[in-house]
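We number each residue from 1, following the sequence as shown.
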Amino acid sequence: MNKITAAITAVGGYVPDYVLTNKELEKLVDTTDDWILTRTGISERRILKGEGKGTSDLCVPVALEICKKRGITPEDIDLLIVATVTPDMTFPATANVVTDKIGAKNAFGFDISAACSGFLYALDTGARFIESGRYKKVMVIGADKMSSIIDYTDRTTCIIFGDGAAGVLLEPNTEGYGLVDSILKSDGHGREYLHMKAGGSVKPASIETVTNREHYVYQEGKMVFKYAVSNMAEAAKDIMNRNHLTADDIAWLVPHQANKRIINATSQYIDLPDAKVMMNIHKYGNTTAGTIPLCLWDYEKQLKKGDNLILAAFGGGFTWGSSYIKWAYDGDKI
C-alpha cells in the first residue's frame, strides 16, 4: 500500500470589508504613510467591524467557500482545527463555535495557539490525522481578529496588524502530493519580547489591568525583527536541505506576512527571486495565523499540480518553522 499523505484539495479565504489605510492611521498616531510603507511594506489592512463579531465570523465564510469549491457539505468534515490567538472567548474553542455555525455536525474541533506560526502548527497537526487513515476530510483555518487586541494609540503595533482568515481542506493522497515535511520550533524565552501582559491565569483581568492597558499586544520590535529574520530564514533553508531541494526546484516561497524586509531577507537567504515569493502584506498587513493561507488563497490560480512550495513563519512565543508542500491540483481549473 502506498503511503498516505495529506494533500490540500481546496483553499478558502475571507477579509472584512473595512479598509484601514495608512492615511487614516496618521490621524490616530504619530506616523506617516511613507514611514509605514518604507519600514513594513504595508499600505492598508482590513478590520472586522460590528457588535459581537469575533474570529469565528472570519472563519465561517472560509469554511463555506472551501466546502463549495470542493463540492462537499459541512457535514462531510471530520475535524476542524483553528489556529488563532484571538479566540471568540477563552473557552469553548473557536473551532467548536465554527462547527456549530456552519452545521458541521460530524466534526470535532480544537484551537491551536502558536501566534504567527499557528497555521504551520495546525497544518502539520491536521496532516497527522489524515495520515492515520482514520480521517478523510480535515479543515485547517488560520484566523485572527487582531484589532481586538491592538492598542490604536501604540504606533509600534497598530500599523502592523489587520484582521483576516483563510484555510485549506486536507484529504488523503497516495501519489506523493501534499505535506511532505515540516520543521517546527519554539523558544519560550522570546515571550518577553512579544506577548500580552494580562488576561491569563498569571495576571487575570482586573480594573487595574484594564486601566493600565495591559490587554493589548506588547512588542519590542527590534528584538522580534532580529530573531524573525534569522530563524525564519534558517527554517526555510533547513527544510530545503533536508529534502534535497535547490532554489530551482521551488515554485513558490509562502512566507508569513509580518514585514516586507523579513520576507526579503528570507527569500534572499534561500536564493529565490521576487517572482517566486508570495506577497500580499501591502493589502492586509499582518493577520497573524491568517497570513500564509491568505497567500495561498490569493495565489491559488497560479499554482500548478506538482509545484514545490516552501512555507515559513515566525511568531510570538517565540514560535517558528517551515513546511514543504507538493501542490495537488491546478488552481486555475477551480
Side-chain angles (χ1 to χ4, degrees), residues 3-11 13 81-84 112-132 138-143 166-173 176-186 228 231-247 249-258 262-263 266-267 269-270 272 276-279 287-300 303-315 317-329 331:
K3 178 184 176 182
I4 297 174
T5 56
I8 294 174
T9 57
V11 181
I81 305 174
V82 174
T84 187
I112 285 182
S113 177
C116 299
S117 305
F119 182 76
L120 291 189
Y121 277 43
L123 184 69
D124 193 84
T125 302
R128 304 306 163 208
F129 283 92
I130 292 292
E131 291 168 2
S132 75
V138 174
M139 191 174 289
V140 178
I141 297 176
V168 300
L169 183 67
L170 298 176
E171 295 187 83
N173 185 278
Y177 297 106
L179 182 63
V180 179
D181 194 12
S182 290
I183 294 174
L184 302 174
K185 302 280 188 177
S186 65
N231 288 321
M232 192 164 137
E234 283 287 350
K237 187 71 170 179
D238 288 348
I239 199 119
M240 288 174 62
N241 289 340
R242 194 156 86 178
N243 290 277
H244 311 291
L245 298 169
T246 69
D249 299 317
I250 305 304
W252 294 98
L253 171 67
V254 192
H256 168 54
Q257 307 287 300
I262 296 174
I263 295 170
T266 301
S267 62
Y269 192 72
I270 60 175
L272 277 188
K276 287 186 173 185
V277 181
M278 293 189 186
M279 194 176 304
T287 56
T288 306
T291 67
I292 287 178
L294 275 170
C295 280
L296 295 176
W297 182 55
D298 272 355
Y299 283 79
E300 182 184 21
L303 297 174
K304 302 298 182 184
K305 187 174 182 178
D307 277 354
N308 290 320
L309 276 58
I310 298 296
L311 283 54
F314 181 89
F318 290 137
T319 63
W320 69 96
S322 185
S323 296
Y324 165 35
I325 290 175
K326 187 170 283 292
W327 199 252
Y329 64 94

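To the nearest 0.5 Å, atoms NZ (Lys185) and OG1 (Thr319) are separated by 13.0 Å. Between the OG1 atom in Thr5 and the CG atom in Asp181 there is a gap of 12.5 Å [rounded to 0.5 Å]. Between atom CZ of residue Phe314 and atom OG of residue Ser117 there is a gap of 7.5 Å, rounded to the nearest 0.5 Å. With rounding to the nearest 0.5 Å, the separation of CD1 in Ile310 from CD1 in Ile239 is 6.5 Å. If you take OG on Ser267 and CE on Met232, they are separated by 9.0 Å, rounding to the nearest 0.5 Å. For the atom pair NE2 of His256 and CZ of Phe119, the computed distance is 13.5 Å after rounding to the nearest 0.5 Å.
Ionic pairing of Arg128 and Glu131 is present here: one or more N-O contacts between side-chain nitrogen and carboxylate oxygen are shorter than 4.0 angstrom.
Under a 3.5 Å cut-off, the side chain of Lys304 and the backbone N or O of Ala251 do not form any donor-acceptor pair. Using a distance-only test at 3.5 Å, with no hydrogens or angles considered, a donor-acceptor pair links the side chain of Asp249 to the main chain of Thr246. Side-chain N or O atoms of Thr291 include none that pairs as donor or acceptor with a backbone N or O of Thr287 at under 3.5 Å. Of the possible polar contacts, none joining the Tyr329 side chain to the Leu303 backbone as a donor-acceptor pair under 3.5 Å is found.
Lys326 pairs in a side chain to side chain contact (heavy atoms under 4.5 Å, CB included) with only one of the listed residues (Leu179, Asn308, Asn243), which is Asn308.
Nearest heavy atoms, Asn173 versus Ala7: CB-CB, 3.7 Å. The shortest non-hydrogen separation linking Pro255 to Leu253 is CD-O, 3.2 Å. Residue Tyr177 comes nearest to Ala328 through the heavy atom pair CB-CB, 3.8 Å, listed as atom of the first residue, atom of the second, then distance. Of all the heavy atoms in Ala289 and Ala83, the pair that sits closest is CB-O, 3.3 Å. Contact between Leu311 and Ser322 at its shortest, heavy atoms only, is O-OG, 2.7 Å. Nearest approach of Ser182 to Arg242, heavy atoms of both residues: O-NH2, 3.0 Å.
In this structure, the side chains of Ile325 and Val254 stay at 4.5 Å or more apart for every pair of heavy atoms. With a 4.5 Å cut-off on side-chain heavy atoms, Tyr121 and Ile81 do not count as touching. Ile263 has its side chain within reach of Gln257: a pair of non-hydrogen atoms, C-beta onward, lies under 4.5 Å apart. Taking the side chain as every heavy atom from C-beta outward, Trp320 and Glu234 never approach each other to under 4.5 Å. Between Ile8 and Leu170 there is a side-chain heavy-atom pair separated by less than 4.5 Å. Looking only at side-chain heavy atoms (C-beta outward), Leu296 and Met278 come within less than 4.5 Å of each other.
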